[in-house]
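Just the heavy atoms: all of them, side chains too, but no hydrogens, waters or symmetry mates, feed the values below. One is the number of the first residue; the rest follow in order along the sequence.
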Amino acid sequence: MGQPVLKDTIAGATVVTLPGKPPEVVSLPAATSKPLGAKLAGWAKAAMVNLLPPLITVALILLFWQLAAHGPQSSLPTPTKIWEEAKDLIVEPFYWAGSQDIGLGWRILVSLQRVAIGFSLAAVVGVLLGALVGQSVWAMRGLDPVFQVLRTVPPLAWLPLSLAAFRDSQPSAIFVIFITAIWPIIINTAVGIRNIPQDYRNVAKVLRLNQVEFFFKIMVPSAAPYIFTGLRIGVGLSWLAIVAAEMLTGGVGIGFFIWDAWNSSRLSDIIVALVYIGVVGFLLDRLVALLGHVVTRGTATH
């Protein structure tokens, strides 16, 4: 059996002491940083790993699309034909030639403004109602069945009622966004509140926290991963709802542009608009996910 060895670290050096022998100082090797070339190579490798697979996938889809839609009997335009017919929409998204003759970038911004208002209202009201349902047994028994029924109603089914109530397309579209996004926020928040550990509740009682302090210091931080999961679902549903609502309410949003392009048989414009919608929806989801990652310090559900 070997003799015990005592080690200690003093000022960056390791002191080794053997029984019956004087201490020996063993210097640690100096920390070396990677050269700039190695760092750039690592970043390039990470970019290739993350970007190359989707780029290859998109290229294969476009190639298959080009071959499948190529021919006189095809009713859909090929990617090359889309580029020829809708090049201006792609390369100039922010052109302005009149109140209705504007680029897709401006139309996206108009739709995003409506989504921002409706989704923000849904986030505030949804978190508060979800906290109430999750914290109170009586509120859960009274409100949860109602929420479960209302959340199954399709978004566009609310549009006639909102038009009758507000008599204007702008608040009607915002209401459709609100009523569409609020349900996943309420449900996920309530689940998160109900899953708060009992130890946290006991600490709140010991500290004698009032309801407001308990909400901000215990409930919201503990349920934050669930809340941001509901927010991610809600923002995706909001973007879906606004596009469908604008098709019926009109205006200059991206939804009305698609409907107008369909009436004018501009299929290439519709396909370009769909790509814009998909990219913006993806960015909205990533933005909420990033915010949740920062707020919850990486514990949010992905």
Heavy atoms, side chains only, cut-off 4.5 Å: are I258 and L274 in contact? yes
Check the angle between the aromatic planes of F166 and F175 and answer parallel, tilted or perpendicular using the 30° and 60° thresholds. tilted
Do I182 and R151 touch side chain to side chain, with heavy atoms closer than 4.5 Å? no
State, with a plain yes or no, whether a side-chain heavy atom of P155 is found less than 4.5 Å away from one of L237. no
Of all the heavy-atom pairs spanning D168 and L163, show the shortest one and how long it is. O-CD2, 4.1 Å
Under a 4.5 Å cut-off applied to non-hydrogen side-chain atoms, are R201 and I218 in contact? no
Closest non-hydrogen atom pair between P77 and L267, with its separation: CD-CB, 4.1 Å
With no hydrogens and no angle check, do the side chains of D88 and Y95 hold a donor and an acceptor under 3.5 Å apart? no
Verify, without hydrogens or angle tests, whether S268 (side chain) and E85 (backbone) share a donor-acceptor contact under 3.5 angstrom. no
Give a yes or no on whether V279 and I270 share a hydrophobic cluster (residues Ile, Leu, Val, Met, Phe, Trp, Tyr; joining criterion: side-chain heavy atoms under 4.5 Å apart). no
For a 4.5 angstrom cut-off between non-hydrogen side-chain atoms, does Q135 reach R194? no
Passing candidate, side chain to side chain contact (heavy atoms under 4.5 Å, CB included) with I227, options V127, V191, N188: V127
Aromatic ring pairing W183/F147, orientation class (parallel under 30°, perpendicular over 60°, tilted between): tilted
Under the criterion side-chain contact (heavy atoms from CB on, under 4.5 Å), I'd like the reasoning laid out for K87 against E92: C-alpha separation, chi angles, the key distance, then a yes or no. CA-CA 8 Å; K87 180 180 178 180; E92 296 181 15; over 6 Å; no
Do the side chain of T152 and the main chain of V149 share a donor and acceptor less than 3.5 angstrom apart? yes
Only one of I186, I193, I187 passes side chain to side chain contact (heavy atoms under 4.5 Å, CB included) with T189, and that residue is I193
Heavy-atom pair of closest approach, residues G234 and A181: O-CB, 3.5 Å
I need the minimum non-hydrogen distance between V288 and F228, along with the two atoms involved. O-CD2, 4.0 Å
Specify the closest pair of heavy atoms between A157 and P160, including all atoms of both residues, with the distance to one decimal. O-CD, 3.5 Å
Main-chain N/O of A261 paired with S265 side-chain donor or acceptor, under 3.5 Å: no
Is it the case that one hydrophobic cluster holds both L240 and V235, taking links as side-chain heavy atoms less than 4.5 Å apart, direct or via other members? no
Are V91 and L89 connected into the same hydrophobic cluster when the rule is that any two of I, L, V, M, F, W, Y join if their side-chain heavy atoms are below 4.5 Å apart? yes
Does the side chain of F94 come within less than 4.5 Å of L109's, by heavy atoms? yes
For the pair L284 and F119, evaluate side-chain contact (heavy atoms from CB on, under 4.5 Å) and give the outcome as yes or no after the intermediate values. CA-CA 11 Å; L284 288 176; F119 177 71; over 6 Å; no
Note: M140 and V133 closest approach over all heavy atoms is CB-O, 3.5 Å
Find the distance between OG (S238) and CD1 (I185) and round it off to the nearest 0.5 Å. 7.0 Å
Main chain of L132, side chain of S136: is a donor-acceptor contact present, judged purely on distance under 3.5 Å? no
Find the distance between CD1 (I242) and CD1 (I277) and round it off to the nearest 0.5 Å. 10.5 Å
So with a 6.0 Å cut-off around CH2 of W65, is the heavy-atom count from everything else above 12? yes
Are L287 and I177 joined in one hydrophobic group, where the rule is that I, L, V, M, F, W and Y side chains link up if heavy atoms are under 4.5 Å apart? no
Under a 4.5 Å side-chain heavy-atom rule over Ile, Leu, Val, Met, Phe, Trp and Tyr, are V146 and V153 clustered together? yes
Does the pair R232 and R286 meet the rule for a side-chain contact (heavy atoms from CB on, under 4.5 Å), with working shown? CA-CA 9 Å; R232 289 184 62 182; R286 292 292 91 193; 2.9 Å; yes
Take S162 and V176 through the side-chain contact (heavy atoms from CB on, under 4.5 Å) test and state the conclusion after the steps. CA-CA 7 Å; S162 62; V176 170; 4.1 Å; yes
Are there over 12 heavy-atom neighbours, none belonging to W83, within less than 6.0 Å of that residue's CH2? yes
Distance check, rounded to the nearest 0.5 Å: T180 atom OG1 versus I233 atom CD1? 14.0 Å
Qualifying residue, where the test is side chain to side chain contact (heavy atoms under 4.5 Å, CB included) with S111 and the options are F257, Y276, W239, W106: W239
Would you give the length of the straight line joining atom CG of L143 to atom CZ of R141, rounded to the nearest 0.5 angstrom? 13.0 Å
Tell me whether E246 contacts the main-chain N or O of V243 through its side chain, where contact means a donor paired with an acceptor under 3.5 Å. no
Nearest-0.5 Å distance, CG of residue L129 to CG of residue D144: 12.0 Å
Closer than 3.5 angstrom, by distance alone: can the side chain of N263 be matched with the main-chain N or O of W259 as a donor-acceptor pair? yes
From I102 atom CD1 to W96 atom CH2, the distance as rounded to the nearest 0.5 Å: 5.0 Å
